[in-house]
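Some notes on the structure that comes next.
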Amino acid sequence: MKPLRQFIVNIPNKFKDEIKLGGSTIKLVNKFSEFEHRFNYGHIVSAPVGFKKAAIGQILYFHHHVVLEQRYDIGDNLYLVDYDPNGGYENHAIAIENEAGDIDMLGDWCFVAPAVEPEEKTSDSGIVLELKKEPKDEGELLILPEDSEWIGASTGDVVGYTKNSDYKMELANGDTVYRMRITELVYAKKD
């Protein structure tokens, strides 16, 4: 089957149902936090007509709606992921990771490293002396889509972004990144 405007991905589990803690495995009950424990990647089974890059078998990162909305579930652990090479809100395909771990962004998505969380000041006995401050809405720009030089930022720059655009994603290797659209970047700090 060759989809016209979607990727088809295999996602064996929609939600993470266990975590490793030391040498033990703990089962999770996801119904209380579906949003936090959903998978946001799967292996590509089929790519849209006209998609030029090799993709079958590679990892596709996608928007959380894919596992939360029934309309994307086509059965047999297969899901549709909307794709628009020009970006926009109809593009749920975020990035492709090849076997070597190289990531290519799709449409108008980018990855930003989360800001370093400040720590609370405590006494030796553990009494909180000063609450930690909210981190700034900025982080290191990790990956941009091709042909994005026009925004004036490069990978490695510290970038600021609009409020609430810092959507957390877990990569297949366990790293945490923020995914956002390049239009949500508001400044770049150059050295």
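Side-chain atoms are counted along with the backbone in the values below, which use heavy atoms only and exclude waters and symmetry mates. What you see is a predicted model, and the numbers here were worked out from it, not measured in a lab.
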TODO: With rounding to the nearest 0.5 Å, note down the distance linking OH in Y79 to CG in L60.
DONE: 14.5 Å
Open item on the list: The test is salt bridge (charged side-chain N to carboxylate O under 4.0 Å, His left out); show your working for E90 and R5 and say whether it passes.
Closed with: CA-CA 10 Å; E90 294 301 316; R5 297 179 306 113; over 6 Å; no
Task: Spacing of NZ belonging to K168 relative to OH belonging to Y178, to within rounding of 0.5 Å - done: 5.0 Å
Task: Check: Q58 and E97 side chains under 4.5 Å, non-hydrogen atoms - done: no
Open item on the list: Would a single hydrophobic cluster contain both V177 and I143, if residues Ile, Leu, Val, Met, Phe, Trp and Tyr are joined by side-chain heavy-atom contacts under 4.5 Å?
Closed with: yes
Task: Heavy-atom pair with the smallest gap, counting every atom of L185 and C110 - done: CD1-SG, 4.1 Å
Open item on the list: Starting from V49, can I reach I74 by hopping between I/L/V/M/F/W/Y residues whose side chains sit under 4.5 Å apart?
Closed with: no
Open item on the list: If we ignore hydrogens and angles and just use 3.5 Å, is the side chain of R181 paired with the main-chain N or O of G88 as donor and acceptor?
Closed with: yes
TODO: Indicate, with yes or no, if I96 and I182 share a hydrophobic cluster defined by side-chain heavy-atom contacts under 4.5 Å among Ile, Leu, Val, Met, Phe, Trp and Tyr.
DONE: no
TODO: Just say parallel, tilted or perpendicular for the rings of F111 and Y61, cut-offs at 30° and 60°.
DONE: perpendicular
Task: Check: I94 and N40 side chains under 4.5 Å, non-hydrogen atoms - done: no
Task: Distance in Å, D108 CG paired with S148 OG, rounded so as to fall on 0.5 Å steps - done: 8.5 Å
Task: E146, CD: over 12 other non-hydrogen atoms inside 6.0 angstrom - done: no
TODO: Would you check if the side chain of D76 reaches a backbone N or O of L78 as a donor-acceptor pair within less than 3.5 Å?
DONE: no
Open item on the list: Hydrophobic cluster membership, with links at side-chain heavy-atom distances under 4.5 Å among I/L/V/M/F/W/Y: are L171 and Y167 in one?
Closed with: yes
Open item on the list: Could you go through D84 and Y89, starting from their C-alpha distance and side-chain angles, then the distance that decides it, and tell me whether this counts as side chain to side chain donor-acceptor pair (under 3.5 Å)?
Closed with: CA-CA 9 Å; D84 183 343; Y89 288 96; over 6 Å; no
Task: Side-chain heavy atoms of R179 within contact of H64, under 4.5 Å - done: yes
- [ ] Check whether any side-chain heavy atom of F51 sits under 4.5 Å from a side-chain heavy atom of L106, and report yes or no.
- [x] yes
Open item on the list: Nearest 0.5 Å, please: how far is CG in N86 from CG in N91?
Closed with: 9.0 Å
TODO: Work out which heavy atom in A93 is nearest to a heavy atom in Y83; give both atom names and the distance.
DONE: CB-CD1, 3.9 Å
Task: Residue pair V81 / Q6, side-chain heavy-atom distance below 4.5 Å - done: no
TODO: Measure up the H65 and H92 rings against each other and bin them: parallel (under 30°), tilted (30 to 60°), perpendicular (over 60°).
DONE: perpendicular
Open item on the list: Using only atom types and a distance under 3.5 Å, with no angle test, would you say the side chain of Y41 pairs donor to acceptor with the backbone of E170?
Closed with: no
Open item on the list: In the structure I gave you, are the side-chain heavy atoms of K189 and E138 within less than 4.5 Å of one another anywhere?
Closed with: yes
Open item on the list: Under a 3.5 Å distance rule, please check whether D157 uses its side chain to pair with a backbone N or O of V159 as donor and acceptor.
Closed with: no
Task: From CA spacing to verdict: side chain to side chain contact (heavy atoms under 4.5 Å, CB included), I151, L144 - done: CA-CA 10 Å; I151 68 167; L144 276 168; 3.7 Å; yes
Open item on the list: Quick check on the hydrophobic clustering: are W109 and I103 connected, directly or via other members, by side-chain heavy-atom contacts under 4.5 Å?
Closed with: yes
TODO: Nearest 0.5 Å please: distance from the OH atom of Y72 over to the CD1 atom of I11.
DONE: 12.0 Å
TODO: Compare all side-chain heavy atoms of H43 with those of I59 and state whether any distance is below 4.5 angstrom.
DONE: yes
Open item on the list: Could you measure the distance from the CG atom of L68 to the CG atom of D73? Nearest 0.5 Å is fine.
Closed with: 11.5 Å
